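Structure first, then comments.
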Amino acid sequence: MPVKKKILILANSSSGLYDFRNELVTALLSQYNVAVSLPDTQKTDLLEKEGCRVIHTPINRRGTNPTQDLALFNHYRQLLKREKPDLVLTYTIKPNIYGGLACQKEHVPYLSTITGLGSAFERSGLFLEFIKELYRKGLAGASCVFFQNRENMELFHASSLVTGKDRLVSGSGVSLKTWEPLPYPQGDNTVFLYVGRVMKEKGIGEYLQAAEALHGEKVTFLIVGYCEEDWQEILDARKKEGVIVQFDYQNDMHAFYEKCSAVVLPTYHEGMSNVLMEAAACARPVIASSISGCREIFEDGVTGYGFVPKSADALIEALKKFLALPQSARAAMGLSGREKMEREFDRSLVVASYLEEIHQALGDEEAK
């Protein structure tokens with residue numbers, strides 16, 4: 001029996017890897033040995049049960065400490081020397097940059113995925129130029145760079161951050177089997193649902209302002225997710241006032257999508273929003289920032305509503321438009337969203353794109 005080739009995945013979240021890329025992971029496990037480098041243990045038990053070997057790698061996801069980043073680069077180099085993978089997949093900014101640089105040093109082929117721009121590209125001056133240079137160097141040796149939306153891809157091209165092969169995919173896609181259409185909730189109550197990390201860049205401030213303005217006996221604002229910044233004191237005050245209802249991060253969102261009338265995402269930037277894809281696949285209207293990474297997922301007035309980001313007033317107006325709709329129109333919006341997911345965002349198509357590039361990078365033409 002020939003020895004299976006090894007693929008090493010460098011990522012910054014076990015839940016992100018399992019929830020949004022597990023179909024790719026299981027497809028790889030059928031052909032290769034797979035090891036995953038992750039900083040947390042939230043869903044590593046599930047990955048291990050499937051056959052992945054999990055390696056703990058500390059990552060300060062949002063920090064800019066040069067000492068920590070150098071340590072991460074050195075950790076990745078040692079990891080490559082020890083694991084001797086045939087190919088590496090990297091996701092998110094720090095694995096992309098420092099994992100990419102480590103792969104170049106150790107002469108290991110790799111594929112990178114730009115999952116979004118993050119807060120770094122909202123900065124300016126020398127810091128932004130420094131980040132761009134890190135990206136330029138980290139991606140320079142990639143066999144292929146995947147982008148999740150066209151705007152990100154065009155920005156990287158304009159700044160010459162990617163000069164080799166790249167490919168545009170529909171984000172991580174959505175599992176149409178996992179997220180099936182749910183019956184639209186009955187009754188005259190409206191439940192708005194925010195899902196995600198509680199942080200400024202996700203638009204939590206605007207969401208809270210909208211909740212203060214519109215909450216009532218028949219209008220509920222839910223928040224599901226963990227605080228990544230110091231918002232809990234504010235959330236506690238709003239809960240006490242009856243403005244919001246908050247839940248911690250949930251492993252299974254089905255019950256929340258089932259009870260909600262619409263999913264609301266006032267984010268400032270996205271690669272391609274997994275939350276919006278899941279909600280639409282469940283036949284729920286979406287109300288989201290009209291930015292790249294969101295607007296590809298909905299059709300304004302057909303499957304949901306868009307609004308100008310960073311504006312509580314714009315969000316409130318969008319929510320008022322939704323509140324004015326009869327239940328039948330809301331349900332029809334949701335079904336139109338499901339149809340759009342089936343046409344454009346089936347995760348199996350995204351997985352096929354990755355497998356094609358992986359096989360090509362490994363020279364596994366027979367595995368196609």
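Keep in mind that what you see is a predicted model, and the values were worked out from it rather than measured.
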Is [X] reaching over with its side chain to a backbone N or O of [Y], donor-acceptor style, under 3.5 angstrom?
| X | Y | result |
| --- | --- | --- |
| Thr178 | Ser175 | no |
| Glu233 | Trp231 | no |
| Tyr110 | Ala142 | yes |
| Ser311 | Ala314 | yes |
| Lys105 | Arg77 | no |
| Glu296 | Gly293 | yes |
| Asn149 | Gly271 | yes |
| Arg284 | Gly337 | no |
| Arg136 | Ser160 | yes |
| Ser273 | Leu276 | yes |

Is the shortest heavy-atom distance from the side chain of [X] to the side chain of [Y] under 4.5 Å?
| X | Y | value |
| --- | --- | --- |
| Val264 | Leu193 | no |
| Phe156 | Ile114 | yes |
| Leu87 | Leu89 | yes |
| Asp166 | Met153 | yes |
| Tyr249 | Ser15 | yes |
| Ile7 | Ile358 | yes |
| Ile297 | Met341 | yes |

**Request:** Begin from the C-alpha positions of Leu79 and Leu10 and carry the test side chain to side chain contact (heavy atoms under 4.5 Å, CB included) through to its verdict.
**Result:** CA-CA 10 Å; Leu79 183 60; Leu10 309 180; 4.1 Å; yes
**Message:** Please evaluate residues Met272 and Phe345 with respect to the criterion side chain to side chain contact (heavy atoms under 4.5 Å, CB included), reporting the C-alpha separation (whole Å), side-chain torsions for both, the decisive distance (0.1 Å), and the verdict.
**Reply:** CA-CA 10 Å; Met272 190 67 72; Phe345 290 91; 4.2 Å; yes
So with a 6.0 Å cut-off around [atom1] of [X], is the heavy-atom count from everything else above 12?
| X | atom1 | answer |
| --- | --- | --- |
| Lys218 | NZ | no |
| Lys320 | NZ | no |
| Asp252 | CG | yes |

Electrostatic pair [X]-[Y], nearest N-O below 4.0 angstrom:
| X | Y | answer |
| --- | --- | --- |
| Glu83 | Lys6 | yes |
| Arg338 | Glu180 | no |
| Glu299 | Lys340 | yes |
| Lys137 | Glu133 | yes |

**Message:** With a 4.5 Å cut-off on side-chain heavy-atom distances among I, L, V, M, F, W and Y, is there a chain of contacts connecting Leu139 to Leu72?
**Reply:**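 Yes, Leu139 and Leu72 fall within the same hydrophobic cluster.
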[X] to [Y] six-membered ring, cation-pi geometry met (6.0 Å, 45°):
| X | Y | result |
| --- | --- | --- |
| Lys200 | Tyr268 | no |
| Arg197 | Tyr226 | no |
| Lys259 | Phe256 | yes |

Between the side chains of [X] and [Y], does any donor sit under 3.5 Å from an acceptor?
| X | Y | value |
| --- | --- | --- |
| Glu270 | Thr267 | yes |
| Tyr32 | Asp86 | no |
| Glu50 | Asn22 | yes |
| Tyr184 | Gln327 | no |
| Thr303 | Ser336 | no |
| Ser289 | Arg295 | no |
| Thr113 | Thr115 | no |
| Ser348 | Asp346 | yes |
| Asp40 | His56 | no |
| Glu241 | His215 | no |
| Asp236 | Gln232 | yes |

**Asked** Is there a side chain to side chain contact (heavy atoms under 4.5 Å, CB included) between Tyr194 and Lys202 once you walk through the steps?
**Response** CA-CA 10 Å; Tyr194 169 101; Lys202 291 291 185 181; 3.0 Å; yes
**Prompt:** What do the steps show when you test Glu106 against Lys84 for salt bridge (charged side-chain N to carboxylate O under 4.0 Å, His left out), and what is the final call?
**Reply:** CA-CA 9 Å; Glu106 301 304 320; Lys84 296 180 172 55; over 6 Å; no
**Asked** Do the rings of Phe221 and Phe192 sit parallel, tilted or perpendicular, given the 30° and 60° boundaries?
**Response**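 Phe221 vs Phe192 ring planes: tilted.
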**Request:** Sorted by first residue and then second, give each ring pair (Phe, Tyr, Trp, His ring centres under 6.0 Å) pair with at least one member in residues 7-27; sequence neighbours left out.
**Result:**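 For residues 7-27: none.
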**Item:** Passing option when Leu38 is tested against Leu47, Asn12, Ile9 for side chain to side chain contact (heavy atoms under 4.5 Å, CB included)
**Value:**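 Output: one option passes, namely Leu47.
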**Item:** Ring center gap for Tyr76 and Tyr98 short of 6.0 angstrom
**Value:**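 No.
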**Working for side chain to side chain contact (heavy atoms under 4.5 Å, CB included), residues Ile316 and Leu319** = CA-CA 5 Å; Ile316 289 169; Leu319 296 179; 5.5 Å; no
